[in-house]
Amino acid sequence: MGTRRLTLLRHGETQSIDSCAEDFERALTRRGCIEVQEMAARIVYRDLIPDLILVSPAERAWATAEIVAAACELDAKQVQCARELYLATPETTWRLLKQCDAALSHVMICGHNPGLSQIASRLGPKPQARELPTAGIASAIWHNAQWQTLEPESAGGCDLDDPESMADLWA
């Protein structure tokens with residue numbers, strides 16, 4: 001057993017649903033790319049570099065994960081597509097997390113709302129409604145834990161960060 005960290009990362013801002021034939025193929029907007037680049041820099045600055053990024057195969061999520069992986073200097077093996085994360089329910093995402101290798105101490109899940117916000121809302125001893133904006137992150141830590149036995153409510157707390165909060169820092 002050891003310390004485990006989960007970081008949830010919602011994809012960056014995307015093209016409107018009307019501009020693309022398939023939801024799955026929606027790309028990041030220019031603003032979305034900037035948001036994700038800012039958050040990637042913040043992830044590195046805060047030393048939230050994951051051992052593994054599990055990512056939805058949707059274009060917008062994959063592009064988000066690639067930007068973060070590059071900033072964190074992860075290799076290709078550390079970014080894995082998980083088909084079940086495309087518009088996943090919290091239960092599906094949590095089931096996937098519980099299957100992680102025991103050697104991993106920090107897993108990042110890059111995907112979609114409403115599922116990620118629903119998980120973020122349950123993290124920590126005092127669950128509360130949390131809505132992850134585009135490129136927003138929620139990060140929680142468990143001490144003396146194994147992936148297989150984690151429960152959201154047993155996390156030591158939940159830290160949030162998003163591009164809007166960063167705008168205040170640069171103003």
Side-chain angles (χ1 to χ4, degrees), residues 1-14 22-29 32-113 115-120 123 132 134-152 154-156 158-163:
M1 289 204 295
T3 300
R4 302 288 181 244
R5 178 177 289 277
L6 168 64
T7 300
L8 304 172
L9 169 64
R10 184 176 174 205
H11 61 75
E13 182 185 83
T14 62
E22 294 288 328
D23 176 67
F24 190 80
E25 297 171 356
R26 290 169 51 210
L28 295 178
T29 63
C33 288
I34 292 168
E35 286 176 343
V36 175
Q37 288 166 350
E38 288 177 359
M39 289 307 297
R42 192 62 173 283
I43 287 165
V44 171
Y45 177 79
R46 291 181 61 195
D47 198 24
L48 291 177
I49 297 170
D51 300 316
L52 174 68
I53 300 176
L54 294 174
V55 59
S56 160
E59 172 62 31
R60 59 195 180 270
W62 192 255
T64 297
E66 285 183 322
I67 292 168
V68 171
C72 293
E73 299 180 358
L74 301 181
D75 64 40
K77 293 181 295 191
Q78 292 175 281
V79 182
Q80 295 178 5
C81 178
R83 294 198 179 279
E84 56 268 49
L85 287 177
Y86 177 63
L87 303 178
T89 65
E91 295 76 21
T92 298
T93 302
W94 205 258
R95 196 168 35 253
L96 183 66
L97 180 68
K98 286 187 166 203
Q99 296 171 7
C100 285
D101 188 304
L104 301 172
S105 61
H106 183 180
V107 174
M108 177 178 283
I109 294 180
C110 181
H112 313 272
N113 267 352
L116 291 184
S117 287
Q118 290 168 346
I119 292 171
L123 292 172
L132 288 179
T134 54
I137 64 169
S139 191
I141 196 163
W142 291 260
H143 297 286
N144 299 317
Q146 297 176 359
W147 294 115
Q148 297 76 15
T149 60
L150 289 187
E151 294 301 329
S154 63
C158 180
D159 295 324
L160 302 172
D161 203 353
D162 65 71

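Note that the coordinates shown come from a computational prediction; the quantities given were computed from them, not determined experimentally.
Atoms SG and CZ, on Cys110 and Arg60 in that order, are 10.5 Å from each other to the nearest 0.5 Å. Atom CD1 in Ile141 sits 11.0 Å away from atom CG in Leu6 (nearest 0.5 Å). The CZ atom of Arg42 sits 9.5 Å away from atom CG of Asp162, with the distance rounded to the nearest 0.5 Å. Here Leu97 contributes atom CG and Gln148 contributes atom CD; the two are 9.5 Å apart, rounded to the nearest 0.5 Å. To the nearest 0.5 Å, the span separating CD on Gln78 from CG on Asp51 amounts to 7.0 Å. To the nearest 0.5 Å, atom CD1 of residue Ile109 and atom CZ of residue Arg10 are 15.5 Å apart.
In this structure a side-chain-to-backbone donor-acceptor pair under 3.5 Å is missing from Glu13 to Glu35. In this structure, Trp147 contributes its side chain and Val107 its backbone to no donor-acceptor pair below 3.5 Å. Side-chain N or O atoms of Asn113 include one that pairs as donor or acceptor with a backbone N or O of Leu132 at under 3.5 Å. Between the side chain of Asp23 and the backbone N or O of Arg26 there is no donor-acceptor pair closer than 3.5 Å. The backbone N or O of Gly12 sits less than 3.5 Å from a side-chain atom of Thr64, completing a donor-acceptor pair.
Counting all heavy atoms, side chain and backbone alike, Ala135 lies closest to Pro163 at CB-CG, 3.7 Å. Residues Ala138 and Leu160 come closest through the heavy atom pair CB-CD2, 3.6 Å. What you find for Ala82 and Pro57 is that their closest heavy atoms are O-CD, 3.6 Å. Closest of all the heavy-atom pairs between Ala40 and Ala71 is CB-CB, 3.6 Å. Among all heavy-atom pairs drawn from Ala120 and Leu8, the shortest one is N-CD1, 3.8 Å. When all heavy atoms of Ala155 and Trp142 are compared, the pair lying nearest together is N-NE1, 3.1 Å.
Considering only residues two or more places apart in sequence or on other chains, Thr7 meets the side chain to side chain contact (heavy atoms under 4.5 Å, CB included) condition with Arg5, His106, Met108, Ile137, Ser139. Under the ring pair (Phe, Tyr, Trp, His ring centres under 6.0 Å) criterion, His112 pairs with His11, Tyr86, sequence neighbours left out. The salt bridge (charged side-chain N to carboxylate O under 4.0 Å, His left out) search around Arg4 returns none, not counting sequence neighbours. With sequence neighbours left out, the salt bridge (charged side-chain N to carboxylate O under 4.0 Å, His left out) criterion links Glu66 to no other residue.
Applying the side chain to side chain donor-acceptor pair (under 3.5 Å) test to residues at least two apart or on different chains, the pairs with a partner in residues 92-102 are Thr89-Thr92, Thr92-Arg95, Lys98-Glu151. Listed by first then second residue, pairs satisfying ring pair (Phe, Tyr, Trp, His ring centres under 6.0 Å) with a partner in residues 34-73 number zero, not counting sequence neighbours.
Val68 places none of its side-chain heavy atoms less than 4.5 Å from the side chain of Leu74. Within the 4.5 Å cutoff, the side chain of Leu54 has heavy atoms near those of the Cys100 side chain.
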